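Computed from a predicted model, the values in this text were never measured in an experiment. Here, residue 1 is the first one in the sequence, and each next residue gets the next number.
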Amino acid sequence: MSILKVDTLQPATAARIHAAGHTIQTVRTGYSTYANTTSTSFAATGLTATITPTSTSSKILIDVKMNGMYMSVVAGYIVLELYKGSSSIKRLSTTSGYRSSGDEPSYGVYTNCYDHLDSPSTTSATTYTVYWKVTSGTAYINNYNLLNGDSLSSITLQEIAQ
């Protein structure tokens with residue numbers, strides 16, 4: 001029989017080991033503000049989240065859900081883009097919230113879901129924001145019947161080990 005005697009145990013390093021493909025961390029932000037825009041240039045929606053990757057090799061999986069999307073004009077639509085910091089990295093949609101002449105104007109019936117896999121190559125805090133613009137008229141998010149702001153849009157960021 002062997003005997004192991006130890007005076008002090010200390011971790012070898014503070015580093016963590018992550019298996020490729022596993023989620024390291026998740027950040028989620030919900031946004032329930034009833035918002036609108038008439039801008040024909042890109043402007044922030046208010047839907048934003050920040051993550052600080054633990055490794056420069058990590059990927060960030062971005063999941064966006066835009067609820068209660070609605071256009072005030074027939075044949076108008078919303079263009080959505082995903083920004084990292086102050087730069088656009090992905091066009092999410094060019095026809096969100098399209099409204100036909102038969103749509104009920106008080107209901108936000110358009111819900112759109114998007115995802116994007118980013119390679120930020122940094123361990124600094126990284127902010128992702130959904131931007132929008134319209135072709136004409138007014139665009140709305142979190143519009144739900146007469147309870148405006150009663151729906152929830154969200155952005156979820158997951159750091160994926162590589």
Side-chain angles (χ1 to χ4, degrees), residues 15-73 75-100 103 107-144 147-162:
R16 297 180 204 167
I17 298 172
H18 298 287
H22 287 186
T23 301
I24 298 171
Q25 63 173 315
T26 300
V27 173
R28 181 184 178 278
T29 300
Y31 183 70
S32 62
T33 301
Y34 175 54
N36 67 71
T37 189
T38 57
S39 179
T40 55
S41 298
F42 282 107
T45 60
L47 186 56
T48 187
T50 301
I51 193 167
T52 304
T54 60
S55 170
T56 57
S57 65
S58 292
K59 305 266 187 208
I60 305 298
L61 179 61
I62 304 130
D63 178 54
V64 174
K65 292 182 178 60
M66 300 291 291
N67 288 310
M69 297 186 76
Y70 173 73
M71 282 300 302
S72 67
V73 296
Y77 57 90
I78 307 163
V79 180
L80 296 171
E81 287 199 1
L82 180 65
Y83 276 58
K84 178 170 57 178
S86 60
S87 299
S88 175
I89 61 169
K90 178 69 176 169
R91 172 74 47 102
L92 299 175
S93 176
T94 57
T95 59
S96 297
Y98 182 84
R99 180 175 165 219
S100 67
D103 289 339
Y107 286 86
V109 295
Y110 298 102
T111 300
N112 298 319
C113 301
Y114 309 97
D115 62 62
H116 177 69
L117 188 63
D118 189 38
S119 302
S121 301
T122 185
T123 56
S124 297
T126 304
T127 300
Y128 296 92
T129 305
V130 178
Y131 278 66
W132 61 346
K133 70 178 182 177
V134 296
T135 56
S136 62
T138 305
Y140 301 89
I141 58 172
N142 294 325
N143 178 42
Y144 181 73
L147 302 172
N148 296 329
D150 203 33
S151 67
L152 179 70
S153 294
S154 65
I155 183 168
T156 303
L157 310 176
Q158 291 187 303
E159 180 181 4
I160 310 298
Q162 298 303 297

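- Atoms OH and CG, from Tyr114 and Leu80 in turn, are 4.5 Å apart once rounded to the nearest 0.5 Å.
- Thr54 and Gln25 form no side-chain donor-acceptor contact under 3.5 Å, judged by distance and modelled atom types alone.
- Between Thr126 and Thr52, every side-chain heavy-atom pair lies at or beyond the 4.5 Å cut-off.
- Here CD1 of Ile78 is found 3.5 Å from CE of Met69. Values are rounded to the nearest 0.5 Å.
- Between Ser119 and Lys59 there is a side-chain heavy-atom pair separated by less than 4.5 Å.
- Looking at heavy atoms from C-beta onward, Thr138 lies in side-chain contact with Tyr140 at the 4.5 angstrom threshold.
- For the side-chain hydrogen bond (donor to acceptor under 3.5 Å, both in side chains) with Glu81, the qualifying choice from Ser88, Ser93, Ser87 is Ser88, the only one to do so.
- Summarising the geometry, atom OH belonging to Tyr131 is positioned 12.0 Å from atom OG1 belonging to Thr37; distances are rounded to the nearest 0.5 Å.
- Here the straight-line distance linking atom NZ of Lys84 with atom NZ of Lys90 works out to 13.5 Å at 0.5 Å rounding.
- For the pair Cys113 and Lys65, the minimum side-chain heavy-atom distance is below 4.5 Å.
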Test side chain to side chain contact (heavy atoms under 4.5 Å, CB included) on Asn36 and Tyr70; report intermediate values, then the result. CA-CA 9 Å; Asn36 67 71; Tyr70 173 73; over 6 Å; no
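- Here Arg28 pairs with nothing under the salt bridge (Lys or Arg N to Asp or Glu O under 4.0 Å) rule; sequence neighbours left out.
- Contact check for Ile155 versus Tyr128: side-chain heavy atoms found under the 4.5 Å cut-off.
- Closest approach of Asn143 and Ser151 over heavy atoms only: N-OG, 4.0 Å.
- Counting only heavy atoms from C-beta outward, the side chains of Ile24 and Ser58 approach each other to under 4.5 Å.
- Distance alone, capped at 3.5 Å, is enough to place a donor-acceptor pair between the Thr135 side chain and the Tyr77 backbone.
- A pairwise comparison of heavy atoms in Met71 and Ala139 identifies SD-CB, 3.6 Å as the closest pair.
- In this structure the side chain of Tyr31 reaches within 4.5 angstrom of the side chain of Ile141, judged on heavy atoms.
- Although no hydrogens or angles enter the test, the distance criterion places a donor-acceptor pair under 3.5 Å between the side chain of Ser153 and the main chain of Asn67.
- Remark: the Asn142 side chain and the Ser32 side chain contain no N/O donor-acceptor pair separated by less than 3.5 Å.
- The CG atom of Leu157 sits 10.0 Å away from the CG atom of Asp118 when rounded to the nearest 0.5 Å.
- Side-chain atoms of Met66 and Thr45, non-hydrogen and from C-beta on, do get closer than 4.5 Å to each other.
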Check step by step if side chain to side chain contact (heavy atoms under 4.5 Å, CB included) holds for Gln158 and Thr26. CA-CA 4 Å; Gln158 291 187 303; Thr26 300; 3.4 Å; yes
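- Counting only distance, with no hydrogens or angles, the side chain of Thr33 and the backbone of Ala35 share no donor-acceptor pair below 3.5 Å.
- A donor atom on one side chain and an acceptor atom on the other are found under 3.5 Å apart for Ser55 and Ser57.
- Distance CG/Leu82 to CD1/Ile62: 5.0 Å, rounded to 0.5 Å.
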